[in-house]
Number of protein chains: 2
Amino acid sequence: MNIRSDRDQGRKVTSAQVAERAGVSKWTVSRAFTPGASISENARQRVMEAAEALGYRPNLLARSLTTRRTQLIGVVVDQFANPHTQAMLNAATLALQQRGQLSILLNISPPVRSGELLDIAERFQVDGLLFLGTVLSEDIVRFATERQHVPLVQLFRTTEVDGVQIVAIQEHAAGAEIARLLLGEGHRRLGYLAGPDSGRSRLPRLDGYRQTLEDHGLALAATLTATDYRHALGYQAMHDYLQRTPAQQRLDALFCENDILAIGALDALHQAGLDGQLAIVGFDDIELAASPRYRLTSYQPNLDAVVDSAITHLLDRRIPGDPTLLPGRLVVRDSHRAAQSLLPQARHDKPR
Amino acid sequence: MNIRSDRDQGRKVTSAQVAERAGVSKWTVSRAFTPGASISENARQRVMEAAEALGYRPNLLARSLTTRRTQLIGVVVDQFANPHTQAMLNAATLALQQRGQLSILLNISPPVRSGELLDIAERFQVDGLLFLGTVLSEDIVRFATERQHVPLVQLFRTTEVDGVQIVAIQEHAAGAEIARLLLGEGHRRLGYLAGPDSGRSRLPRLDGYRQTLEDHGLALAATLTATDYRHALGYQAMHDYLQRTPAQQRLDALFCENDILAIGALDALHQAGLDGQLAIVGFDDIELAASPRYRLTSYQPNLDAVVDSAITHLLDRRIPGDPTLLPGRLVVRDSHRAAQSLLPQARHDKPR
DNA sequence: GGCCTGTTTGCAACCGGTTGCATATGGTCG
DNA sequence: CGACCATATGCAACCGGTTGCAAACAGGCC
């Protein structure tokens, strides 16, 4: 058990100690641990052996002090209840780790003063800040416009803010594609379920959706809202809608701003005994969307591509420019179908 | 727009620059920013003004170098697909932030070599490591037993590892309570749906469950397994079970290792047209459990209390001791009820 | 062997703070 | 008014690395 004969005497092992043991100077030790440095193979070997024997690990903080690079990226998150956040977090941290960066998780959920937190992150000398689909508050916008020396990238939101690089989905096209899908299914009264952030940014997605309807001579039939991206609020939005709207005036189909709201809405329909009576489409394609219980038609962003592009922007310290908009892909399941088409019909067999 | 007249000339602002402007030495600046330090009110004021004017923020890395405290806690996570992980992450980061600490998120999902990643975290001089319900791999155990100078705390798992402080739920009692609930409901053939980690640790929860059954002269009727804590695997486990087990031999009730598996199982029952035929109980009480569609009876850990205790252990650098086991609370909804009790019955009105 | 060139290595200085110690400053009291 | 004490501030040294520069060294070639 006592492997710690040499190492671990109170303090941590420093490069000087390794140097002494290897019979070289501490500068040579530093070079041994610096990839492209000029050092003889012989010396490197001896240093590595000594380091191994003593259990030496370079202090990355000390290194950062001179290199001015910390390899730390602040990852800013606010909607923990949304499974898509989780997927983003997973993808982002994995991608960062692969590039030798670590993520500092900054949680700006409601009680937290986001401006203060970003300030603290800056003191930790983060190399950049990555906003994972967060709602951009006043605080954040102010921070962004003031401190333009730390690169800022925002994922999956198209609110343009000075100094923030946007990497997102081609929202307009996605909205249009979903409208066409629903129209093709025969729906005519189409609505939209908006989340809390829709007010600030006139979502291109909604524009694309609405515009396509208008191209077909239709107007957006109703807009519901949820005050947070959570299951319960999707449920409630649909529940209230059903309460206040007589059956014959109801929508044919509802496009929801994301999957967790869509699933809430589906659950409300189920609860009201109206399964399949109102077509639903979501967005994000979270894992639960594929569940046989929901078979939610959704739009799948290419998460890896988005994250990859974002990280490239951060690490190359590119100057923020036009939004990078990547394509996604529609995942067609069952929830978007018209009520009658739940019965087997020939309708889908179009002439080719 | 150009607020950056003074600040921001290439390099970042240092304490020396603030000192010059305030007409004091850089040491005085340092003291101005150190809470309990000996400094006159007058000097502090001047320093603060100068700092404000220049946009100075102390470099916390440099500070950490001398103080040997980084205020960084490594938060280790592996099961991103489980909503409970998200809840833990949210609670943990918020609690840490409130205590002035920041979280470095370490993602040890399958492809990642966890030993290496922990090693890197150590080089960043994290003040401690918090394992959020992760499955303890060989790598991690080795790391834990070798490096006992960085405090390690494990949440929600009771696998005892040398040098790791455990903070979890009173699993044995919880298992027993759930068994009693199901027995009280009239169920007699009770099963357990285990997750991937059950093999390693003979879960006290399962022990408590089984033991209570035995106290009533019953044996555990079946054990199903899911190879990962994900909805699809809970679904599959139940699906396969239904396939291979004739109706008359099936379980009355199934206790699932967590909610996401339980919900998968419920969905599989629904898909098979067996809604309500098999009682289900989960664990963790995730948000979706409360959905009117599931009404999943579950066990709610006191997340805040667990996280709070864990962080206290970390920050006080306490020597790891006996596991800290906190009580949780059974959340009784509908999914645990017997099939016939879905019809209104007098059964619940026990004589008082 | 002497000279030239290219590679290694040691050194001083620095990154941006903190801390113990010594000195200066101001206020109180006899 | 001087002694005394508490409080403030400056200074040197240090935390654990990196980097430009110059000296040392080795090998190749004539």
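Throughout, a chain's letter reflects where its sequence line sits, starting with A, and its residues are numbered from 1.
- Summary of helix geometry: the two end axes of the helix from C/dG1-D/dC30 to C/dG30-D/dC1, each defined by five base pairs via their C1' atoms, are inclined to each other by 40° (rounded to 10°).
- Of the candidates C/dT18, D/dG17, C/dG17, the closest approach to any side-chain atom of A/T66 belongs to D/dG17.
- When distances are taken from the side chain of A/R68 to each of C/dC15, D/dG17, C/dT19, the shortest belongs to C/dC15.
- Nearest nucleotide to the side chain of A/W27, out of C/dT18, D/dT9, D/dT19: D/dT19.
- Within 4.0 Å of A/A43, counting heavy atoms only, lie sugar-phosphate atoms of the nucleic acid but no base atom.
- Across the protein-nucleic acid pair, B/E20 atom CD and D/dG10 atom C1' stand 16 Å apart, rounded to whole Å.
- Counting distance only, with no hydrogens placed and no angle test, the side-chain atoms of A/K26 and the base atoms of D/dG17 include a donor-acceptor pair under 3.5 Å.
- Contact of the B/T134 side chain with the B/Q154 side chain is registered, since non-hydrogen atoms from C-beta on lie closer than 4.5 Å.
- Shown are A/D308, A/D316, A/D127; of these, the salt bridge (charged side-chain N to carboxylate O under 4.0 Å, His left out) with A/R99 is made only by A/D308.
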Side chain to side chain donor-acceptor pair (under 3.5 Å) for A/T67 and A/S64? Distances and angles first, verdict last. CA-CA 5 Å; A/T67 61; A/S64 297; 4.8 Å; no

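- Aromatic pair A/H84/A/Y229: centroids not less than 6.0 angstrom apart.
- Side-chain atoms of A/S30 lie closest to D/dG17 of the nucleotides D/dG17, C/dT9, C/dG17.
- Side chain to side chain, A/N42 and A/S40 fail the donor-acceptor criterion of an N or O pair below 3.5 Å.
- When the nearest nucleotides of DNA chain C are assigned to A/S25 and B/A62 by heavy-atom distance, the more 5′-ward of the two goes with A/S25.
- Listed by chain and number, the residues in a ring pair (Phe, Tyr, Trp, His ring centres under 6.0 Å) with A/F124 amount to none (sequence neighbours excluded).
- Side-chain atoms of A/R57 and base atoms of D/dG16 include no donor and acceptor less than 3.5 Å apart.
- Side-chain rings of B/Y56 and B/F33 approach one another, their centers coming within less than 6.0 Å.
- Looking at heavy atoms from C-beta onward, A/I140 lies in side-chain contact with A/L118 at the 4.5 angstrom threshold.
- For C/dG10, its base sits under 3.5 Å from the side chain of A/R31 at one donor and acceptor pair at least.
- Less than 4.0 Å separates DNA chain C from at least one heavy atom of each of the following residues of residues 32-41 of chain A: A/S38, A/I39, A/S40.
- The CZ atom of B/R69 sits 16 Å away from the P atom of D/dG16 (whole-angstrom rounding).
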task = Go through B/S114 and B/S137 one step at a time and tell me if the side chain to side chain donor-acceptor pair (under 3.5 Å) criterion holds.
result = CA-CA 8 Å; B/S114 48; B/S137 68; 3.3 Å; yes

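- Rounding to whole angstrom units, CG of residue B/N59 and P of C/dT18 are separated by 10 Å.
- In this structure, the CZ atom of B/R63 is 13 Å from the C1' atom of C/dT19, given to the nearest Å.
- For the pair A/V29 and B/V24, both in contact range of DNA chain D, the more 5′-proximal nearest nucleotide belongs to B/V24.
- More than 12 heavy atoms of other residues, nucleotides or ligands lie within 6.0 Å of CZ in B/R318, so this atom counts as buried by the packing criterion.
- As a whole-Å value, the separation of B/L60 CG from D/dG16 P is 18 Å.
- Computed from coordinates, the B/F124 CZ to D/dG17 C1' distance equals 14 Å when rounded to whole Å.
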